[in-house]
**Student:** 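Quick one: this structure, given as structure tokens, is what I'll be asking you about.
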Protein chains: 2
Amino acid sequence: MSEVDEALKRLTRFLDKHGLKSTSQRRLITRIFFDERFRQDHPSVEDLYVRVHAEDGRVGYATIYRTLKLLVDAGLASPSRLTDNQTRYEPDIPGEHHDHLVCTACGAILEFEEDGIEVLQEAVAQRLGFRLADHRMVLYGAPDDPCRAPACPREAVVR
Amino acid sequence: MSEVDEALKRLTRFLDKHGLKSTSQRRLITRIFFDERFRQDHPSVEDLYVRVHAEDGRVGYATIYRTLKLLVDAGLASPSRLTDNQTRYEPDIPGEHHDHLVCTACGAILEFEEDGIEVLQEAVAQRLGFRLADHRMVLYGAPDDPCRAPACPREAVVR
DNA sequence: CTATATGCAAAACGTTTGCATCCCT
DNA sequence: AGGGATGCAAACGTTTTGCATATAG
């Protein structure tokens, strides 16, 4: 089953359980938000609005924001602050976890997984007397030459 | 020499070098920003404004923001995004580095150092073809009972 | 039929900027 | 004297909210 379908099913279950309604807007936003090609660009709220609005011209920002909040409550998305001044949301896909590296030259965002770090984070939390619930990690760095970021706009690279 | 004095010296050197001026506002803001008791609460820009404004009622937000930007340019501070919607700034004190753990029960912010994680971060960056410039790491967790966070307001703890 | 969701526009929020005035150097 | 710095208020971009209307259950 695709991640989109999986997400729609989880959303429906959450709505049912809480007496909330399954509307065409919520389904559309969820469909686009979980679309593989779309989500890999780490879209901003504005990006999401543009894409949703293109498919249904009546949908405004308020619904986008309200639905994103809903997805967070439903455990389907998490807010992440990778860049300044703009909240980006990321789909929570069961069994998947990654952190980010932001290229200081071109702004490209890469994902990575490193289990060793996760283990040490657990250890730190335990040492401080906490049960770890979540974490955010972002690395910032300059690329070797040539830049290996998949989304690197070469013209923009400054060294 | 205290961190405040150290910071004021570094600021003066930076100002001199760039033909900028040492004003009473810049010195006051720097003094408070680096004050040990003050900075340990991870103050927001508003917190800083309130404290500065109390000592010099003519200082407005614009000067706070402009001076914080200046401190960043001078390498004396870094913006950090620990909480939603509000940029917090942290003093850069030579030889000190730590990451943060945010208590999900009371909001207290703890600091920690874990060299093993730093080593692995370097390794990840190298693997992806980047030279690591900086990083942000925030852990979120619920406290054991009793909560060991120094700034934990016990009344607010929910379990 | 009723409660929830939507769309719009206005408000709110943190942050930045234009401009006249001030004050270091 | 002159260029940079300040204070104020207005502008800005993002996010939230009030309210009348529409729609799912």
Side-chain angles (χ1 to χ4, degrees), chain A residues 8 11-33 42-74 77-89, chain B residues 8 11-33 42-74 77-89:
Chain A
L8 286 169
L11 175 65
T12 303
R13 204 180 318 135
F14 179 85
L15 295 173
D16 279 358
K17 194 167 157 186
H18 292 79
L20 305 175
K21 291 170 180 173
S22 176
T23 64
S24 66
Q25 294 92 327
R26 286 176 174 174
R27 290 191 299 272
L28 173 61
I29 291 167
T30 303
R31 229 181 290 125
I32 292 176
F33 184 68
H42 296 269
S44 64
V45 175
E46 189 187 353
D47 295 332
L48 183 59
Y49 166 77
V50 168
R51 192 86 153 56
V52 168
H53 193 82
E55 297 208 20
D56 181 347
R58 288 167 316 167
V59 177
Y61 270 103
T63 301
I64 302 280
Y65 278 107
R66 287 192 273 231
T67 301
L68 282 170
K69 255 190 101 174
L70 175 73
L71 291 177
V72 171
D73 289 344
S78 301
S80 77
R81 257 161 290 299
L82 289 172
T83 52
D84 279 353
N85 305 332
Q86 258 197 323
T87 306
R88 286 161 198 266
Y89 287 82
Chain B
L8 286 169
L11 175 65
T12 304
R13 204 180 318 134
F14 180 85
L15 295 173
D16 279 357
K17 193 167 158 187
H18 292 80
L20 306 174
K21 289 170 180 170
S22 175
T23 65
S24 66
Q25 293 93 326
R26 286 175 174 175
R27 290 189 299 271
L28 174 61
I29 291 167
T30 303
R31 229 181 291 124
I32 292 175
F33 184 68
H42 297 271
S44 64
V45 174
E46 189 187 353
D47 296 332
L48 183 60
Y49 166 77
V50 168
R51 191 86 153 58
V52 168
H53 193 82
E55 296 207 21
D56 181 347
R58 286 167 317 166
V59 177
Y61 270 103
T63 302
I64 303 281
Y65 279 107
R66 287 192 274 232
T67 302
L68 283 170
K69 256 189 101 173
L70 175 74
L71 291 177
V72 171
D73 289 344
S78 301
S80 77
R81 271 165 289 295
L82 287 173
T83 52
D84 280 354
N85 306 332
Q86 256 197 323
T87 307
R88 286 162 197 267
Y89 288 82

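Just so we're on the same page: letters track the sequence lines, and every chain starts at 1.
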**Student:** Counting only side-chain N and O atoms of Arg26(A), is one of them less than 4.0 Å from OP1 or OP2 of dA24(D)?
**Tutor:**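 Result: no.
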**Student:** What's the spacing between Thr23(A) OG1 and Leu15(A) CG if we round to 0.5 Å?
**Tutor:**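 Here the interatomic distance stands at 8.0 Å.
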**Student:** Kindly compute the distance separating CG (Leu28(A)) from CG (Leu8(A)), expressed to the nearest 0.5 Å.
**Tutor:**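 Here the interatomic distance stands at 10.0 Å.
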**Student:** Does Ser22(A) make a side-chain N or O approach to OP1 or OP2 of dA24(D) shorter than 4.0 Å?
**Tutor:**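 Checking Ser22(A) against dA24(D): no side-chain N or O falls below 4.0 Å of OP1 or OP2.
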**Student:** Just how large is the angle between the end axes of the helix from dC1(C)-dG25(D) to dT25(C)-dA1(D), five pairs per end, to 10 degrees?
**Tutor:**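 Inter-axis angle at the termini of the helix from dC1(C)-dG25(D) to dT25(C)-dA1(D): 30°.
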**Student:** Would you kindly give the CG-to-P distance between Leu11(A) and dA24(D), to the nearest whole Å?
**Tutor:**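 Value for this atom pair: 15 Å.
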**Student:** List, one per line, each side-chain donor-acceptor pair under 3.5 Å for residues 43-53 of chain B, sequence neighbours excluded.
**Tutor:**
residue	atom	partner	partner atom	Å
Ser44(B)	OG	Glu46(B)	N	3.4
Ser44(B)	OG	Asp47(B)	N	3.2
Ser44(B)	OG	Asp47(B)	OD2	3.2
Asp47(B)	OD2	Ser44(B)	N	2.9
Tyr49(B)	OH	His53(B)	ND1	3.3
Arg51(B)	NH1	Glu55(B)	OE2	3.3
His53(B)	ND1	Gly57(B)	O	3.4
His53(B)	ND1	Val59(B)	O	2.8
His53(B)	NE2	Gly57(B)	O	3.3

**Student:** Nearest whole angstrom, please: distance from the P of dT14(D) to the CZ of Arg88(A).
**Tutor:**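 Arg88(A) atom CZ is separated from dT14(D) atom P by 11 Å.
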**Student:** Starting at CG of Leu20(A) and ending at P of dG25(D), how long is that distance when rounded to a whole Å?
**Tutor:**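 Atom-to-atom, Leu20(A) to dG25(D), this comes out as 11 Å.
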**Student:** What is the distance from atom CG of Leu68(B) to atom CG of Asp73(B), rounded to the nearest 0.5 Å?
**Tutor:**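 It comes to 11.0 Å.
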**Student:** In whole Å, I'd like the distance from the OH atom of Tyr61(B) to the C1' atom of dA10(D).
**Tutor:**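 Going from Tyr61(B) (OH) to dA10(D) (C1'), I get 17 Å.
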**Student:** Roughly how many Å is it from NZ in Lys69(A) to P in dA5(C), rounded to a whole number?
**Tutor:**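 So the two atoms are 13 Å apart, to the nearest Å.
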**Student:** Counting N and O atoms only, with roles assigned by atom type, does the side chain of Arg26(B) sit under 3.5 Å from a partner on the main chain of Thr67(B), one being a donor and the other an acceptor?
**Tutor:**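 Between the backbone of Thr67(B) and the side chain of Arg26(B) there is no qualifying donor-acceptor contact (under 3.5 Å).
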**Student:** For Ile64(A) and dA5(C), give me the distance from atom CD1 to atom C1', rounded to whole Å.
**Tutor:**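 Rounded to the whole Å, the gap is 14 Å.
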**Student:** Measure from CZ on Phe14(B) to P on dA5(D) and round the result to the nearest Å.
**Tutor:**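 About 10 Å, once rounded to whole Å.
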**Student:** Sub-3.5 Å donor-acceptor pair from the side chain of Arg27(B) to the main-chain atoms of Ser22(B), do we have one?
**Tutor:**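 Checking the backbone N and O of Ser22(B) against the side chain of Arg27(B), a donor-acceptor pair under 3.5 Å is found.
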**Student:** Does anything in residues 12-25 of chain B pair up under salt bridge (Lys or Arg N to Asp or Glu O under 4.0 Å), and if so which pairs, sequence neighbours excluded?
**Tutor:**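 Qualifying pairs, neighbours excluded: none.
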**Student:** OP1, OP2 of dG7(D) versus side-chain N and O of Gln25(B): anything below 4.0 Å?
**Tutor:**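 So the side-chain polar atoms of Gln25(B) do come within 4.0 Å of the phosphate oxygens OP1 or OP2 of dG7(D), strictly under.
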**Student:** Can you measure Arg58(A) atom CZ to dA5(C) atom P for me and round it to whole angstrom units?
**Tutor:**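 My rounded result for the distance is 17 Å.
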**Student:** Counting just side-chain N and O atoms, does Thr23(A) come under 4.0 Å of either OP1 or OP2 of dT6(C)?
**Tutor:**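 So the side-chain polar atoms of Thr23(A) do come within 4.0 Å of the phosphate oxygens OP1 or OP2 of dT6(C), strictly under.
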**Student:** Nearest heavy atom decides the nucleotide; on that basis, is Glu46(B) or Asp16(B) closer to the 5' end of DNA chain C?
**Tutor:**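 With Glu46(B) and Asp16(B) compared, the 5'-side residue is Glu46(B).
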**Student:** Quick check for you: among dC23(C), dG7(C), dT6(D), whose closest atom lies nearest to any side-chain atom of Lys21(B)?
**Tutor:**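 Closest nucleotide to the Lys21(B) side chain: dC23(C).
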**Student:** It should be established whether Tyr65(B) places a side-chain nitrogen or oxygen under 4.0 Å from OP1 or OP2 of nucleotide dT15(C).
**Tutor:**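 So the side-chain polar atoms of Tyr65(B) do come within 4.0 Å of the phosphate oxygens OP1 or OP2 of dT15(C), strictly under.
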**Student:** So, does the side chain of Arg66(A) form a donor-acceptor pair with the base of dG7(C) at under 3.5 Å?
**Tutor:**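 Yes, a donor-acceptor pair under 3.5 Å.
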